[in-house]
Amino acid sequence: MKRTNWILIALVLFGFFLRTWKLGSNPPGLYWDEVSLGWNAYSVLKTGFDEHGRFLPIDTFFAFGDYKPPLYIYAIVPSILFFGLNEFAVRLPSAVAGTLLIVVTYYLTKALLSENSEYSENRNVRHSDNQRVRFSGLQSSPSVLPLLAALLIAISPWSVTLSRVGFESNLAVLLNALGVLFFLYAIYKSTRWLPISVFSFILAAYTFNANRLLSPLFLVMLTLIYLRIAVLNWKWWLATALLGAFLVLPMVNHIRSPEGKLRWNEVNIFSDLAVVKESNSRRDIDGNTLVSRILHHRYLSYARLFMEHYLEHFSLNYLFVQGDRNPRINIPDMGEMYLIELPFFIIGLISLMGLVVNSKGPFDFAQAKKSALTLIFWLLLAAIPAGLARETPHALRSASTLPVPQILIALGVVWFWGRMKSMRLMGLISLIGLIWILELGRFQFVYYRYYPNEWAGEWLTSYKNLVSYLKETSSSYRTIYVTPDLGRPYIYFLFYNKYDPRRYIQEAKDGGRSGDVFGFFDVHYFDKYRFYVPDLATIAADELVVTRADTPPNGFELLKTITDTNGFPEFNVIRKQK
């Protein structure tokens, strides 16, 4: 086996270790979306039905009324089969996806930028139409650049953090990257890879809502960049387009339904009525003239708001300093990438732009230009769904940017290495390498030493303790009332009790669940649990009440205060005084 292959295997194993070490206990608990994904997968495994009694849904899982795409739930099923219903099983598909992204990054970089590889200028690839297409990349070692890009994605804070949580978007990142890779194989190897590329993009759309927009955008982008080859092989493109249209049919009806529009209406900037009010107010101030109606048109206001949100995802503060502000998505006060990577990111980006505007060089410029355009437009398109959302910047919705930043950083490092080596500044190279190692060490230290304690509340770790306590004491009580003030408690009781899905589905149909006008579902009861708190004057002696951790009301005694994993009190379990 070649040394390159051994190095790649070592990188994959290292990346897998970073993504799976203490996976079930850090982050310290499951947030409610993870629990919902896990229990619906458990229900499918045991019954073939989701929690709403729908048999093997293909279009969507209703869940809380947020209508989750189905693929990640199905990916959890074999994980639960082998490891049981627990935190590790729910997160394992995301960890595996993040690990496989290391391999895909290697082959993507090799296909796009590595000279003297199997795609290099010295190799001709014959397509079905007998046309010869030649590819050449940048002047670099045929293996160093792909391996470096793979190393950077293996240790990336962005990728590692997302891979350690049951995020559907992380699986979509892998599928999106595979779609691009297989498309390049269709260009430079054989058009028979094209259906697999389209299939990967469609699977991404069945995994994460943002990719329902991204997948067609990527396919259009790639087709336009490689239009000449697409035209020459138009029969394959047409057949694949028909296949893709057939595969998206189950999704179409749901997207067009009021339920399908619910999530979009909830998060998009165009539902923000403040923009309309501001537009109307300014038009009134200016006398509602034709000029004012044009200058203050709501569409222009929305366009400005979109650009503000969109550009936030390219800010240096977001990418290299602070990152996503949501502590469930990013380690606080740490960028999505290491700060030391910033100069190399800029160098790599300038290198790509240079390929686009400069036609001179010792290689076949046409193909190198296409590679540069692919990476640049990949970077630009991936942030569009995030720019359309109200909450920005957002590391989940822009995650399909990966692994482009790491490829750009690898380009910058290779360029820098060549210049510094020729100038015999090996001491500077060693210093930068040391800083990089220290940044990785700091990330790991903060993630395992401080993060699980300081942010335990964000992961609702108290629910596992609550369910465990009530399970031990519930046999003595007829009814247990649980406050719904914190998240969605019912799903935690289903998950940690491994409650029989068949029984729950029937109880929900019998009135245990109802929907509101916004399409969300409320679960009122199952078994002896009631997820509301009635008038305490009506509580009987054989009933328990779970409230928030406040002073118990008069006439009630405190049985137990439930804390999260860092000791912060969340719930009180009380009963009527005897």
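Numbers for residues simply follow the sequence, beginning at 1.
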Would you say the side chains of [X] and [Y] form a donor-acceptor pair under 3.5 Å?
X    : Y    : answer
S43  : E51  : no
R212 : Y206 : no
N170 : S163 : yes
H313 : T392 : no
W39  : Y492 : no
Y490 : R513 : no

For [Y] together with [X], are the ring centres under 6.0 Å from each other?
X    : Y    : answer
F531 : F493 : yes
F526 : Y499 : yes
W436 : F344 : yes
F314 : Y310 : yes

Taking the basic N atoms (NZ, or NE/NH1/NH2) and the acidic carboxylate oxygens, is any pair closer than 4.0 Å for [X] and [Y]?
X    : Y   : answer
E34  : R91 : yes
K464 : E87 : yes
E168 : K68 : no

Measure the shortest side-chain to side-chain distance between [X] and [Y] over non-hydrogen atoms and say whether it is less than 4.5 angstrom.
X    : Y    : result
P403 : L108 : yes
K560 : L544 : no
L388 : L213 : yes
R442 : M334 : yes
V180 : F201 : yes
L175 : L71  : yes
I329 : F167 : yes
Y72  : F208 : no

What closest approach, in Å, do [X] and [Y] show between heavy atoms, and which atom pair accounts for it?
X    : Y    : value
I102 : G15  : CD1-CA, 3.7 Å
S400 : A172 : OG-O, 4.4 Å
G323 : N330 : CA-ND2, 3.7 Å

Look up atom CG in L536 and atom CD1 in I574, then write down how far apart they are to the nearest 0.5 Å.
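Atom-to-atom, L536:CG and I574:CD1 are 6.0 Å apart.
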
CZ of F377: more than 12 outside heavy atoms within 6.0 angstrom?
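Counting neighbours around CZ of F377, 12 or fewer heavy atoms of other residues, nucleotides or ligands fall under 6.0 Å, so no.
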
Quick check on D485: does its CG atom have over 12 non-hydrogen neighbours (other residues, nucleotides or ligands) under 6.0 Å away?
yes

Looking at F556, is R575 sitting on its ring face, NZ or CZ under 6.0 Å from the six-membered ring centre and within 45 degrees of the normal?
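The answer is no, since R575 fails at least one limit relative to F556.
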
Has R328 got its NZ or CZ under 6.0 Å from the middle of the six-membered ring of W32, at an angle within 45 degrees of the ring axis?
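Yes, R328 and W32 form such a contact.
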
Decide yes or no on ring pair (Phe, Tyr, Trp, His ring centres under 6.0 Å) for F88 and F82, but give the supporting numbers first.
CA-CA 11 Å; F88 179 84; F82 286 103; over 10 Å; no

Main chain of [Y], side chain of [X]: is a donor-acceptor contact present, judged purely on distance under 3.5 Å?
X    : Y    : answer
N26  : K22  : no
T461 : T565 : yes
Q406 : A150 : no
R19  : A154 : yes
S474 : L470 : yes
R548 : T483 : no

Worked verdict on F571 versus Y463 for ring pair (Phe, Tyr, Trp, His ring centres under 6.0 Å)
CA-CA 9 Å; F571 298 107; Y463 269 122; 5.2 Å; yes

Give me the ring orientation class for Y447 and Y451: parallel if the planes are under 30° apart, tilted from 30 to 60°, perpendicular past 60°.
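The arrangement is parallel - the two ring planes meet at less than 30°.
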
Could you tell me how the ring of F521 sits relative to the ring of F62: parallel (under 30°), tilted (30 to 60°) or perpendicular (over 60°)?
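Aromatic pair F521/F62 classed parallel.
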
Between Y481 and Y532, is the ring pair (Phe, Tyr, Trp, His ring centres under 6.0 Å) condition met? List the steps.
CA-CA 6 Å; Y481 294 97; Y532 57 90; 5.7 Å; yes

Go through it in stages, so that I can follow the logic: the residues are Y42 and F495, the test is side-chain contact (heavy atoms from CB on, under 4.5 Å), and I'd like the CA-CA distance, side-chain angles, deciding distance and then a yes or no.
CA-CA 9 Å; Y42 178 70; F495 186 94; over 6 Å; no

Does the side-chain hydrogen bond (donor to acceptor under 3.5 Å, both in side chains) test come out yes or no for S514 and D522, once each step is laid out?
CA-CA 5 Å; S514 64; D522 292 315; 5.1 Å; no

